[in-house]
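The analysis underlying the following values was restricted to heavy atoms, covering all of them including side chains, and did not include hydrogens, waters or symmetry mates. None of these values were measured; they are calculated from a predicted model.
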Amino acid sequence: MNDLFENLPFKPADILLPRDCDLSLWSVVACDQYTSRPEYWQRVENRVGRDPSSLRLILPESCLEGPSVETDIMEINNTMSRYLREGRFQEYPNSLIYVERTLHSGKTRRGLIGMVDLEQYDYEPGSTSAIRSTEGTVMSRIPPRVAVRKNAPIELPHTMLLVDDPHHMIIEPLSVKTGEMEPLYDFELMENGGHIRGWRLSGELTHWVLQALNTRQNRVEQDLDGLLFAVGDGNHSLATAKECYERRKGLTAPAQWPELPSRYALCELVNLHDEGIDFQPIHRVVFGARPEELLDAFLAYYPSAIQGRGEGQVFPFVINRWSRGEVTVEQPQARLPVGTLQEFLDDYIAARPRARVDYIHGAEEAQKLAEEREDAIAFLLPPMEKSALFPTVIHDGVLPRKTFSLGEAQDKRFYLEARKIRK
């Protein structure tokens, strides 16, 4: 490991990339997408066929409650080991990878692949660590993810970290330096995922990134309460990595903790102010409910709530193809509409075991789901201003869970890079 990065939470990593395969079939979208669209994952399954693919190394969340989940996890770990034995990966030691992702919208998002030190990450509300969660962690979502990771020999990241760099001093300058880098990949992603290109940084450029990160770290200690990175996507995946590392520490002598591969997690670092970073709301669709009864409960839950549009936080809803409307909470206690809605939904669903909520990226998709079922209702939420992210995390601790999404579902990270997490 590069000693120059010793005190920084973001470091170069020994990165694995697949070789001798079709990368457009290898690379699939983050496992927490399309959770209510099993047909999406079936299309991906049909497209991949028997080709080598990261699809064989992940467990889509839509399968987490399936009848064969334990067998699926065992098969994932076996496939990881087999890919390693077969030499499916080429390793790039002590590396940072600069990534340009052309999204379906035509915008370009720039990022930097490296690893973060989990000793400097804490997902608990009120944390003062250098790396913090942006949303509340749902602890019930951690154990099934730990089951996937705890015996895995490698990790594949879909976590995106955000750095508040309004003057574009860290990542964006690399876009004019690609001629000094080693090209690694350049291909189209499946299912409207856009195009992706990646380059390995030279030693000189790696040193330059170090200096830029050091400068930023010194500033945030004064201006941003020590908050260097906020988790933009993949919060629960990073929390799972932290949990697995803490378990490994309990089985290892403290003197060996710095050398544990599980101490680090591979991720992509992106500037909050990058043109390709769009904060999209994550809508709520409630299934297994009687929509009209749920609306009555919503109105009763908040004394200041009214049916229709008023002065306050407005919540458009969709019940079926013909029923649209709005609820307004005129004197909300929560600062964000998502907090007001989530508080009600948590209590409502806790009292109704048959009801469940899904978190949907894209208003059109949320409306479709509500239109397709008689027992569903969709609530459409407004976007959050991304400039408010770091100040809100600093002052409020964390946002309500699933407050925002970095773009639409097809814009999420696609699995490509990997890293060994066991010796």
Evaluation steps, side chain to side chain contact (heavy atoms under 4.5 Å, CB included), between L238 and L161: CA-CA 10 Å; L238 199 60; L161 294 183; 4.3 Å; yes
Electrostatic pair R43:E191 at N-O distance under 4.0 angstrom: yes
Expected output: side-chain R352 to main-chain G288 donor-acceptor under 3.5 Å: no
Pair R216 + D165: basic N to acidic O under 4.0 Å: no
Verdict with supporting geometry, D347 and Y301, side chain to side chain donor-acceptor pair (under 3.5 Å): CA-CA 10 Å; D347 286 352; Y301 192 83; 2.5 Å; yes
Cationic N near anionic O, under 4.0 Å, D278 to K107: yes
Salt-bridge contact R247-E243 (side-chain N to carboxylate O under 4.0 Å): yes
Aromatic plane relationship, F298 with F379 - under 30° parallel, 30 to 60° tilted, over 60° perpendicular: perpendicular
Side-chain donor or acceptor of R413 paired with backbone N/O of P157 under 3.5 Å: yes
F414 and W26 aromatic centres sub-6.0 Å: no
Test item: R101 side-chain N/O and G193 main-chain N/O as donor-acceptor pair under 3.5 Å: yes
Gap separating the CD1 atom of I360 from the NZ atom of K368, nearest 0.5 angstrom: 12.0 Å
Y98 and W208: CA distance, side-chain angles, deciding distance, ring pair (Phe, Tyr, Trp, His ring centres under 6.0 Å) verdict: CA-CA 13 Å; Y98 169 66; W208 180 87; over 10 Å; no
Residues, nucleotides or ligands: over 12 heavy atoms within 6.0 Å of E39 CD: yes
Stepwise side chain to side chain donor-acceptor pair (under 3.5 Å) check, D32 with H236: CA-CA 10 Å; D32 58 349; H236 287 87; over 6 Å; no
R88 (side chain) donor-acceptor with R19 (main chain) under 3.5 angstrom: yes
Side-chain donor or acceptor of H283 paired with backbone N/O of L381 under 3.5 Å: yes
W257 side chain to K249 backbone, donor-acceptor under 3.5 Å: yes
Derivation and outcome, side chain to side chain donor-acceptor pair (under 3.5 Å), residues E119 and Y264: CA-CA 8 Å; E119 284 286 358; Y264 304 93; over 6 Å; no
Within-4.5 Å side-chain heavy-atom neighbours: V209 and L112: yes
Ring geometry between F279 and F404 (parallel below 30°, tilted from 30 to 60°, perpendicular above 60°): parallel
Ionic contact status for E365 with R37, cut-off 4.0 Å: yes
Heavy atoms of other groups near M169 CE, more than 12 under 6.0 Å: no
Close side-chain approach of D164 to N271, heavy-atom, < 4.5 Å: no
Atom pair CZ/CD1 of F287 and I349 - distance to nearest 0.5 Å: 10.5 Å
Mutual orientation of the aromatic rings belonging to F187 and Y185 [parallel < 30°, tilted 30-60°, perpendicular > 60°]: perpendicular
Pairing of E86 and R82 as salt bridge, 4.0 angstrom limit: yes
Sidechain N-carboxylate O distance under 4.0 Å for R197, E100: yes
Sidechain-backbone polar pair: T403 side chain, P400 backbone, donor-acceptor under 3.5 Å: yes
Distance, nearest 0.5 Å, that separates CG of L341 from CZ of F317: 12.5 Å
Verdict with reasoning, H104 to E408, per side chain to side chain donor-acceptor pair (under 3.5 Å): CA-CA 9 Å; H104 184 61; E408 304 289 352; over 6 Å; no
Residues, nucleotides or ligands: over 12 heavy atoms within 6.0 Å of K386 NZ: yes
Side chain S405, main chain I282, donor-acceptor under 3.5 Å: no
Donor-acceptor contact below 3.5 Å, side chain D274 vs main chain R110: yes
Residue Q211 excluded, over 12 heavy atoms near CD under 6.0 Å: yes
Test item: S127 side-chain N/O and Y123 main-chain N/O as donor-acceptor pair under 3.5 Å: no
